[in-house]
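To keep things clear, I will list the structure first and then write my remarks on it.
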Amino acid sequence: MQLATWNVNSLKVRLPQVLAWLAENPVDVLCLQELKLEQDKFPLAEVEAAGYRAAWLGQKTYNGVAILVKAERSLDDVVTGIPGYDDVQSRVIAATVDGVRVVCAYFVNGEAVDSPKYTYKLEWLAALEGYVERELERHAAFALLGDYNIAPEDIDVYDADAWQGKVLCSAPERAAFGRLLALGLADAFRLFNREEKQYSWWDYRAMMFRRNLGLRIDHILVSDALREHAVACVIDKLPRKWERPSDHTPVVLTLSAAAFAQDQ
DNA sequence: ATGCCGAAGATACTTCGA
């Protein structure tokens with residue numbers, strides 16, 4: 001059983017890559033961010049033809065999130081946005097897949113620590129924390145996947161000194177990440193890999209990917225009930241090497257079959 | 001020190017990303 005997350009930076013542009021990746025990596029759940037599509041522009045026919053069902057929350061030009069699920073699995077109780085938090089930006093969608101509660105989120109970037117967008121980021125993070133806390137009370141099997149726009153530790157940053165205190169690395173953002181962990185979640189990737197230079201995003205400019213100068217900002221956080229079933233979590237760098245790639249690459253969590261209620 | 005690249009909307013150049 002596999003769950004994955006990928007910020008595709010325009011699903012219109014990246015749809016062929018998503019379909020190609022799914023053909024090679026037929027994960028049970030794929031969370032996508034930055035669709036950059038209006039709600040009625042989602043390529044449902046192509047997704048269904050690939051053997052997946054989908055729930056999505058679109059928006060013109062910016063943001064947009066989706067959960068793709070293998071057609072043979074359930075996709076129930078879809079909730080869009082953060083309940084109780086008014087937000088015109090399409091950043092969050094949740095669904096239950098065979099007993100596992102999946103939240104797909106595109107966290108606010110923040111631009112810079114002195115930007116109004118950073119203030120919005122911290123407000124949004126506080127709202128998300130409350131939402132996750134409530135979801136964990138209702139769902140033992142829970143996963144929060146997405147583009148967090150937070151590098152949790154210095155080892156997740158190619159030049160920690162240069163990024164010290166900057167947006168994506170600032171103490172308040174890392175504290176918010178820590179509070180998500182304190183709710184009872186684990187950073188799935190770090191259960192298996194404590195190495196440095198493990199990144200999920202590389203700037204398009206200055207050949208940053210070729211030089212492996214990136215950040216680890218795409219994450220899969222799992223509840224204890226799922227953590228028990230985690231057997232691997234990897235960053236798949238291959239799509240970042242393709243022609244016209246997203247600047248992010250997929251993160252994939254593998255769980256033993258018992259993680260899904262249907263398979264027990 | 002700042003831009004580098006890329007997508008989108010618009011259709012010359014700006015906004016936004018991270």
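Within every chain, numbering begins at 1; the chains are lettered A, B, ... in the order of the sequence lines, protein sequences first and strands thereafter.
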Is a side-chain donor or acceptor of [X] paired with a backbone partner of [Y] at a separation under 3.5 angstrom?
X	Y	result
A:Arg240	A:Trp202	yes
A:Asp98	A:Arg73	no
A:Asp236	A:Leu238	yes
A:Arg101	A:Ala143	no

Can a side-chain donor-acceptor contact be found between [Y] and [X] if the only test is distance below 3.5 angstrom?
X	Y	value
A:Tyr204	A:Asn9	yes
A:Trp201	A:Asp147	no
A:Lys121	A:Asn109	no
A:Tyr85	A:Trp124	no

Distance, rounded to the nearest Å, where [X] contributes [atom1] and [N] contributes [atom2]:
X	N	atom1	atom2	answer
A:Arg210	B:dC4	CZ	P	18 Å
A:Asp218	B:dA18	CG	P	9 Å
A:Trp201	B:dC16	CH2	C1'	13 Å
A:Leu11	B:dG17	CG	C1'	17 Å
A:Arg174	B:dA18	CZ	P	17 Å
A:Asp156	B:dA18	CG	C1'	15 Å
A:Gln33	B:dC16	CD	C1'	17 Å
A:Glu111	B:dA18	CD	C1'	10 Å

Checklist entry - Within the structure shown, what part of the strands sits under 4.0 Å from A:Tyr148 by heavy-atom distance: base, sugar-phosphate, or nothing? => result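 The answer is nothing, as A:Tyr148 stays clear of every strand by at least 4.0 Å.
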Checklist entry - Looking across every strand, which nucleic acid part, if any, lies under 4.0 Å from A:Glu34 by heavy atom: base, sugar-phosphate, or nothing? => result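 If one applies the 4.0 Å heavy-atom cut-off, A:Glu34 turns out to touch the sugar-phosphate alone, with no base involved.
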Nearest-Å distance once atom [atom1] is located in both [N] and [M]:
N	M	atom1	result
B:dA18	B:dA7	P	14 Å
B:dT14	B:dA1	P	25 Å
B:dT11	B:dT15	P	14 Å

Between [N] and [X], is there an OP1 or OP2 to side-chain N/O distance shorter than 4.0 Å?
X	N	result
A:His248	B:dA18	yes
A:Arg244	B:dA7	yes
A:Asn63	B:dG17	no
A:Asn9	B:dG6	no
A:Arg14	B:dA7	yes
A:Ser10	B:dA8	yes

Next on the checklist: Is there a path of hydrophobic side-chain contacts, each under 4.5 Å between heavy atoms, that joins A:Leu145 and A:Ile67?
Outcome noted: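 Yes, one cluster joins them.
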Checklist entry - Which listed nucleotide (B:dA7, B:dG9, B:dA18) is nearest to the side chain of A:Lys60? => result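 Out of B:dA7, B:dG9, B:dA18, the nucleotide with an atom closest to A:Lys60's side chain is B:dG9.
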Next on the checklist: What's the closest nucleotide to the side chain of A:Tyr62 if the choices are B:dA7, B:dT15, B:dG17?
Outcome noted: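 Shortest atom-to-atom distance from the side chain points to B:dT15.
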Checklist entry - Want to settle it: does A:Lys36 or A:Ala206 sit nearer the 5' end of DNA chain B, counting the closest nucleotide to each? => result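 That would be A:Ala206.
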Checklist entry - Relative to the 5' end of DNA chain B, which residue comes earlier, A:Tyr204 or A:Asp147, by the nucleotide with the nearest heavy atom? => result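 The residue whose closest nucleotide sits nearer the 5' end is A:Tyr204.
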Checklist entry - In residues 116-127 of chain A, which residues come under 4.0 Å of DNA chain B by heavy atom? => result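 Within this stretch, A:Lys117 sit under 4.0 Å of the strand.
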Item to check | Side-chain-base donor-acceptor pair under 3.5 Å for A:Asn149 and B:dA18 | outcome: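 Per atom types, no contact qualifies.
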